[in-house]
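Before anything else, here's the structure in question.
The analysis underlying the following values was restricted to heavy atoms, covering all of them including side chains, and did not include hydrogens, waters or symmetry mates. All values reported here derive from a predicted model rather than from experimental measurement. Chain A is the first sequence line, chain B the second, and so forth, proteins listed ahead of strands; every chain is numbered from 1.
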Number of protein chains: 2
Amino acid sequence: MSKWYESDKCRGIIISSRVRLARNLKKYNFHNKLTDDDAQKMINDVKNSILDSRTVFGEQFRYVPVNTLSGNEKFAMVERHVISPELMKSTKPCGVLVKDDESISIMLNEEDHIRIQAISAGDNIDEAFDLADKIDNLIEESVEYAFSEKYGYLTSCPTNVGTGLRASYMMHLPELERTGQIRNVIQTISKFGITVRGIYGEGSDAMGSVYQVSNQVTLGQSEREIIDNLKKVAAIIVQREQELQKRVYEASKEDVEDKLWRSYGLLKHARKMQGKEAMQLISNLMEGESMGAAEMPKCSQSLIQLMINIQPASMQINAGRDMTPDERDKYRAEYIRKMLE
Amino acid sequence: MSKWYESDKCRGIIISSRVRLARNLKKYNFHNKLTDDDAQKMINDVKNSILDSRTVFGEQFRYVPVNTLSGNEKFAMVERHVISPELMKSTKPCGVLVKDDESISIMLNEEDHIRIQAISAGDNIDEAFDLADKIDNLIEESVEYAFSEKYGYLTSCPTNVGTGLRASYMMHLPELERTGQIRNVIQTISKFGITVRGIYGEGSDAMGSVYQVSNQVTLGQSEREIIDNLKKVAAIIVQREQELQKRVYEASKEDVEDKLWRSYGLLKHARKMQGKEAMQLISNLMEGESMGAAEMPKCSQSLIQLMINIQPASMQINAGRDMTPDERDKYRAEYIRKMLE
């Protein structure tokens with residue numbers, strides 16, 4: 001089963017679209033006051049609602065008991081965006097139901113009992129919402145959600161009360177970053193309730209010029225309004241980034257091609273490479289792709305997949321062993337060399 | 001006829017060995033007071049002494065009237081070390097007799113009537129001296145040199161009086177340069193009458209970490225003493241550079257290989273490249289070669305030849321047209337890409 005990040009659709013400014021729904025079960029205490037026993041019961045309730053359902057999902061999902069995994073295994077799931085950094089750090093009973101193509105994951109006992117996440121490659125937020133919505137309905141067939149007629153879905157953190165919805169785009173914004181305009185963009189869109197985070201969410205850096213653009217407010221708006229608002233803002237960001245890329249490309253195609261092929265030359269021949277440099281160079285290739293550079297180096301993976309696969313834990317899982325940072329830098333360079341044809 | 005710089009012998013710290021003899025004819029005024037008529041006569045006298053000689057040299061040399069050449073043609077000869085920058089700039093009748101492999105050139109009406117230059121690939125100063133000496137004897141069979149029993153050969157500039165000999169090594173000294181030790185070396189060896197210049201002699205920069213190490217004093221010492229003194233000093237410089245290279249290589253072979261292959265990656269894939277960067281990157285490959293890096297990128301030219309061929313005038317001669325600096329940067333990148341396999 002190929003993963004969402006292997007799709008050709010993620011070769012653009014919008015790499016992927018994601019919808020997350022926060023839900024809690026009425027019959028259990030919320031996260032902070034949930035006993036381990038009840039946590040396990042709650043997990044089983046939700047697991048059963050999916051795995052025992054007579055839908056196609058019953059066979060497409062598998063359950064992973066996150067708190068029993070090794071550090072590398074957990075971290076690698078974060079790197080692939082399957083679970084959140086918060087779930088990785090949890091010491092309580094917790095887990096995740098993952099769809100075979102990793103497009104849907106249902107985190108159990110994260111900050112809320114249930115976090116349904118659906119990811120679609122490229123500019124496809126409606127599809128992501130539909131997927132999350134289907135899962136939401138399926139679970140609700142067998143459990144009762146904590147819901148208030150006045151506020152909507154109740155959640156651990158007040159910022160999620162209401163729809164419990166966070167919609168976000170993963171975007172590649174190299175020129176907004178390079179020109180420093182990203183700072184103005186962040187300021188401006190915050191007025192529309194939209195926030196910008198790094199590649200791995202809250203508090204993470206924007207490695208490889210990859211950003212997550214998402215709604216901040218979940219209360220007082222319908223799901224449709226939240227998504228439409230995000231779409232509008234995202235369209236403006238994409239347009240600005242495209243304009244800047246076009247300007248750079250038209251000012252000097254040769255400089256663009258030079259930067260592209262120099263990045264390829266380093267990626268294809270270096271013997272050691274730190275993550276930050278690799279992300280930057282891969283980002284340069286992605287930008288070449290967005291700009292529509294006439295001639296493109298060939299890579300046997302989508303570039304976002306390559307970005308994921310050279311993260312520390314994913315490499316260690318792939319190699320089947322723990323590595324020192326220096327060993328990782330060598331492994332990373334070797335891995336990239338193999339992937340670039 | 002392959003050129004000296006195509007030899008495998010120039011793949012080391014000592015790239016080449018050069019001897020230059022300054023001579024003047026007794027019957028003509030020295031350079032500053034030489035009329036154009038007499039200059040032409042003087043040139044003919046020396047030309048005939050070589051081209052009409054019944055030796056093998058008669059067929060191996062060709063005469064090039066330097067002051068009638070185009071700027072590019074002259075400049076390219078400087079880039080290949082066939083003539084000096086001074087001869088290139090001369091507006092008086094002047095020329096050069098060049099041997100087919102460019103290992104010997106006899107400049108006519110430079111600062112002195114005659115400047116015999118012999119270059120041998122690698123560490124071969126004795127061979128270079130023998131060659132220059134043979135030419136010196138051959139010319140002397142048909143002309144009378146300005147010579148004083150007391151001072152030796154008389155020359156335009158007092159610094160050349162005596163033997164008229166300058167012996168020099170072209171050396172690749174990346175680690176002495178990188179560590180800044182080259183400055184101490186220059187200071188120290190100046191006490192032994194040895195001076196260090198850039199790749200194109202007096203006043204030129206040391207591009208690509210290539211230096212010329214030569215004797216400063218020509219008076220009061222025999223040819224043998226001058227050459228032996230230079231040899232001793234050069235051996236010490238080579239030893240120091242080798243020690244530094246060994247230390248770097250042993251400290252981290254991986255870092256050395258990484259630097260080597262990154263340099264290759266840029267040289268092999270860039271679409272534009274300025275001369276300075278290209279020289280630096282080629283110098284990195286040369287250093288890998290000197291260090292004996294296990295695996296080496298392949299180049300269809302010796303690296304010193306590549307350094308010569310990417311100089312501005314040589315490229316313009318090769319391309320058959322004048323180019324703007326920007327066009328040259330593209331041509332250079334393309335040329336290098338072709339040469340690296």
Side-chain angles (χ1 to χ4, degrees), chain A residues 248-282 284-285 287-289 291-299 306 310 323-341, chain B residues 248-282 284-285 287-289 291-299 306 310 323-341:
Chain A
V248 169
Y249 194 58
E250 278 172 3
S252 172
K253 285 187 191 188
E254 283 156 4
D255 287 340
V256 168
E257 305 261 334
D258 184 50
K259 186 178 167 185
L260 174 67
W261 285 100
R262 280 170 176 264
S263 302
Y264 173 79
L266 290 173
L267 288 165
K268 180 68 193 165
H269 296 287
R271 261 46 181 169
K272 295 171 101 167
M273 193 170 278
Q274 294 193 349
K276 202 175 168 180
E277 184 190 7
M279 294 292 277
Q280 181 57 57
L281 295 172
I282 295 170
N284 293 345
L285 299 194
E287 189 174 358
E289 209 164 52
M291 284 181 172
E295 201 195 343
M296 274 294 296
K298 297 272 182 296
C299 180
L306 187 58
I310 58 165
M323 294 185 272
T324 63
D326 195 57
E327 286 170 338
R328 285 204 297 267
D329 291 347
K330 280 183 273 176
Y331 188 90
R332 181 180 290 113
E334 200 182 322
Y335 184 84
I336 294 171
R337 281 209 307 282
K338 269 191 224 149
M339 290 306 129
L340 295 173
E341 288 158 25
Chain B
V248 169
Y249 194 58
E250 280 172 4
S252 172
K253 285 187 190 186
E254 284 155 4
D255 286 340
V256 168
E257 304 262 332
D258 184 50
K259 185 177 168 186
L260 174 67
W261 285 100
R262 279 170 177 263
S263 302
Y264 173 79
L266 290 171
L267 288 165
K268 180 67 193 167
H269 296 286
R271 264 42 183 170
K272 295 171 102 167
M273 194 171 279
Q274 294 194 351
K276 202 176 168 179
E277 183 190 8
M279 293 294 275
Q280 181 58 55
L281 294 173
I282 296 171
N284 293 346
L285 300 194
E287 189 175 357
E289 208 165 53
M291 284 181 174
E295 203 194 341
M296 275 294 297
K298 298 272 182 294
C299 180
L306 187 58
I310 58 166
M323 294 184 271
T324 64
D326 195 55
E327 288 170 335
R328 285 204 297 266
D329 291 347
K330 280 183 273 175
Y331 188 90
R332 181 181 291 114
E334 200 183 322
Y335 184 83
I336 294 172
R337 281 210 306 285
K338 267 193 227 147
M339 290 304 130
L340 294 173
E341 290 159 23

Provide the closest heavy-atom pair for Gly265(A) versus His269(B) in the form atom of the first, atom of the second, distance.
CA-CD2, 3.4 Å

Kindly say whether Val256(A) contributes a backbone atom to a donor-acceptor pair with the side chain of Arg271(B) at under 3.5 angstrom?
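The answer is no, because no donor-acceptor pair under 3.5 Å joins these two groups.
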
Measuring heavy-atom distances to chain B, does Lys330(A) have an atom under 4.5 Å in its side chain, in its backbone, in both, or in neither?
side chain

Among Lys268(B), Lys259(B), Glu257(B), Arg262(B), who wins on heavy-atom pairs under 4.5 Å with chain A?
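Of the options given, most contacts go to Arg262(B).
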
Write down the atom of Asp326(B), the atom of Glu254(A), and the distance for their closest heavy-atom approach.
OD2-OE1, 4.1 Å

With a sphere of 6.0 Å drawn around CD of Gln274(A), does it hold more than 12 non-hydrogen atoms of other residues, nucleotides or ligands?
no

